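A short write-up of the structure that comes next.
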Protein chains: 2
Amino acid sequence: MKRDSRLSGVLHVLLHMAEVGTPMTSDALAKMMKTNPVVIRRVLAGLREHQLVCSEKGHGGGWKLCRELDTITLHDIYQALDEPTLLAMGNRTESPGCLVEEAVNNALNNAFAEAEALLLARFRTVTLAQLSADFHQRMQARGFSGTHEHSLFPADDAADAE
Amino acid sequence: MKRDSRLSGVLHVLLHMAEVGTPMTSDALAKMMKTNPVVIRRVLAGLREHQLVCSEKGHGGGWKLCRELDTITLHDIYQALDEPTLLAMGNRTESPGCLVEEAVNNALNNAFAEAEALLLARFRTVTLAQLSADFHQRMQARGFSGTHEHSLFPADDAADAE
DNA sequence: ACTTACGTAACAATAAAAGTTGCATAAGTC
DNA sequence: GACTTATGCAACTTTTATTGTTACGTAAGT
């Protein structure tokens, strides 16, 4: 089954936004994520409802974080994404008329609930600030070389690309 | 994201097979699961490779368990299903050229790996015998009434249906 | 005015899963 | 030995979810 990579993608986007500081356009972000600007807007619109990012129109507009990195947990972002399914497996029927299925559901639900709880608990303990710190450490470890697949300053990318 | 319910479905099928004792045709199983016989064969063919079920052709043929219930764990079945994805989320890229993404992947992988390990550990501790016992307990609790959505003896179903 | 950028709806393309058909093969029945 | 029942399997179709795309509207800055 295909995995949902929106959480991973959003984290990537938010951290880059944090690095850049100034507003980033959905066009620039789309290039970075190798996707379409409208897709970016769709996802970020959700985050805006939860006051994680702000958007501004017109010249010099774009998207930026509107909270401090250390106040945003992975769980906040998970919620802003509308709490997508965590587990790739589920029960065939939630309200079975069959006692066999009841027994099966019961066993699986126990296991599933534990795994979900564990994941959510983890999400609550990780902040964007921690991820950012980890990133900066990796930069150091590579001697600030900053050899990226894409630049932190997407204006440059746009100039180079095509 | 749509959840994969094959594990749930297979458990349902196997427990019914255990109850019935005699071989069950893919036709009968398909009716039970409200699906197509070929779909049933596809899934059970996988289980057969792992010696969990046997199939026989011709009159009186069909599918039956070929191991004792207490020797089959959920993990065995999970493996026989080709170890399908457990988590509905994943990383955007597994081998990022971007340090931001590396940091993101690292954080998520830690959480994901823990949750997967927990699920698999749970799968290893649950046997079909336990599920069967749970089922029989539920039967008792309902006074052996056996009010099911579908009969345990699908020959009756077939006669009634259509 | 003109350009830049988001906002949104509607539509198209892709991809994954499930269902379906058709025919071959094997096993038991008469 | 012809017939019926069943699985085995490949090819194809349908369905559904996601993602990408186009088009046009609105707001902000130049």
Side-chain angles (χ1 to χ4, degrees), chain A residues 1-10 13 17 20 22-49 52-66 81-82 84-85 88-90 92-93 154-155 158-159, chain B residues 1-10 12-13 17 20 22-49 52-66 81-82 84-85 87-90 92-93 154-155 158-159:
Chain A
M1 180 162 290
K2 182 104 202 262
R3 280 165 152 164
D4 180 352
S5 61
R6 280 179 304 155
L7 180 58
S8 168
V10 164
V13 160
M17 276 170 47
V20 172
T22 59
M24 298 183 76
T25 67
S26 20
D27 233 34
L29 292 169
K31 287 222 173 66
M32 234 177 56
M33 307 293 285
K34 296 194 168 64
T35 182
N36 193 289
V38 178
V39 176
I40 297 285
R41 287 188 204 128
R42 278 210 277 254
V43 175
L44 292 189
L47 299 210
R48 185 182 45 211
E49 281 176 24
L52 298 180
V53 296
C54 307
S55 63
E56 270 171 40
K57 294 182 170 181
H59 278 274
W63 300 86
K64 64 170 197 277
L65 283 162
C66 60
L81 289 174
D82 257 337
T85 315
M89 295 184 165
R92 227 171 50 89
T93 312
Chain B
M1 177 164 288
K2 180 106 202 263
R3 281 165 152 163
D4 180 353
S5 60
R6 280 178 305 155
L7 180 57
S8 168
V10 164
H12 192 171
V13 160
M17 275 170 48
V20 171
T22 60
M24 296 183 76
T25 66
S26 20
D27 232 36
L29 292 169
K31 286 220 173 71
M32 234 176 57
M33 307 294 284
K34 296 194 169 62
T35 181
N36 193 290
V38 178
V39 176
I40 296 286
R41 287 188 203 128
R42 275 211 279 254
V43 175
L44 291 188
L47 298 210
R48 185 183 45 212
E49 280 177 25
L52 298 180
V53 296
C54 306
S55 64
E56 270 171 41
K57 293 182 170 181
H59 277 275
W63 300 86
K64 64 171 196 276
L65 283 162
C66 62
L81 288 173
D82 257 336
T85 316
L87 301 181
M89 294 182 164
R92 227 170 52 88
T93 311

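Source: prediction; values computed, not measured.
For the pair Lys2(A) NZ and dT14(C) C1', the interatomic distance rounds to 10 Å; values are reported in whole Å. Per the geometry, CG belonging to Leu44(A) stands 13 Å off P belonging to dT8(C), to the nearest Å. Rounded to whole Å, atom C1' of dT5(D) lies 16 Å from atom CE of Met24(B). Leu47(A) has its CG atom 14 Å from the P atom of dC6(C), to the nearest Å. Going from atom CZ of Arg3(A) over to atom P of dA17(C) covers 13 Å, rounded to whole Å. One can place CE of Met17(B) at 11 Å from P of dT7(D), the figure rounded to the nearest angstrom. Rounded to an integer number of Å, the gap from CZ of Arg6(B) to C1' of dG19(C) is 15 Å. A straight line from CG of Asp82(A) to C1' of dA17(D) spans 16 Å, rounded to a whole angstrom.
Each of dT21(D), dT20(C), dC6(C) was ranked by its minimum atom distance to the side chain of Thr25(A); first place goes to dC6(C). Distances were taken from every side-chain heavy atom of Asn36(A) (C-beta onward) to each of dA6(D), dC6(C), dG20(D); the shortest belongs to dG20(D). Here the nucleotide nearest the side chain of Ser55(A), chosen from dT21(C), dT7(D), dG7(C), is dG7(C). In this structure, of dA6(D), dG7(C), dG19(C), it is dG19(C) that holds the atom nearest to the side chain of Val39(B).
Every side chain to side chain contact (heavy atoms under 4.5 Å, CB included) that Ser55(A) has, sequence neighbours left out, goes to Arg48(A), Trp63(A). The side chain to side chain contact (heavy atoms under 4.5 Å, CB included) search around Thr25(B) returns Asp27(B), Ala28(B), not counting sequence neighbours.
Where His59(A) and Arg42(A) meet DNA chain C, the nucleotide closest to each residue was compared, and His59(A) sits on the side nearer the 5' end. Comparing Asp4(A) and Glu56(A) against DNA chain D, the residue whose closest nucleotide sits nearer the 5' end is Asp4(A). Place Met1(A) and Gly58(A) on DNA chain C by their nearest nucleotides, and Gly58(A) ends up nearer the 5' end.
Between dG19(C) and Thr35(B), a contact under 4.0 Å exists linking OP1 or OP2 to a side-chain N or O. Here Ser26(A) reaches the OP1 or OP2 of dC6(C): one of its side-chain N or O atoms lies under 4.0 Å away. Neither OP1 nor OP2 of dG7(C) sits under 4.0 Å from any side-chain N or O of Arg41(A).
Contact of the Leu29(A) side chain with the Leu44(A) side chain is registered, since non-hydrogen atoms from C-beta on lie closer than 4.5 Å. Looking at heavy atoms from C-beta onward, Met17(A) lies in side-chain contact with Met24(A) at the 4.5 angstrom threshold.
At the heavy-atom level, Gly62(A) lies under 4.0 Å from the strands shown only through sugar-phosphate atoms.
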Stepwise side-chain contact (heavy atoms from CB on, under 4.5 Å) check, Lys64(A) with Thr22(A): CA-CA 7 Å; Lys64(A) 64 170 197 277; Thr22(A) 59; over 6 Å; no
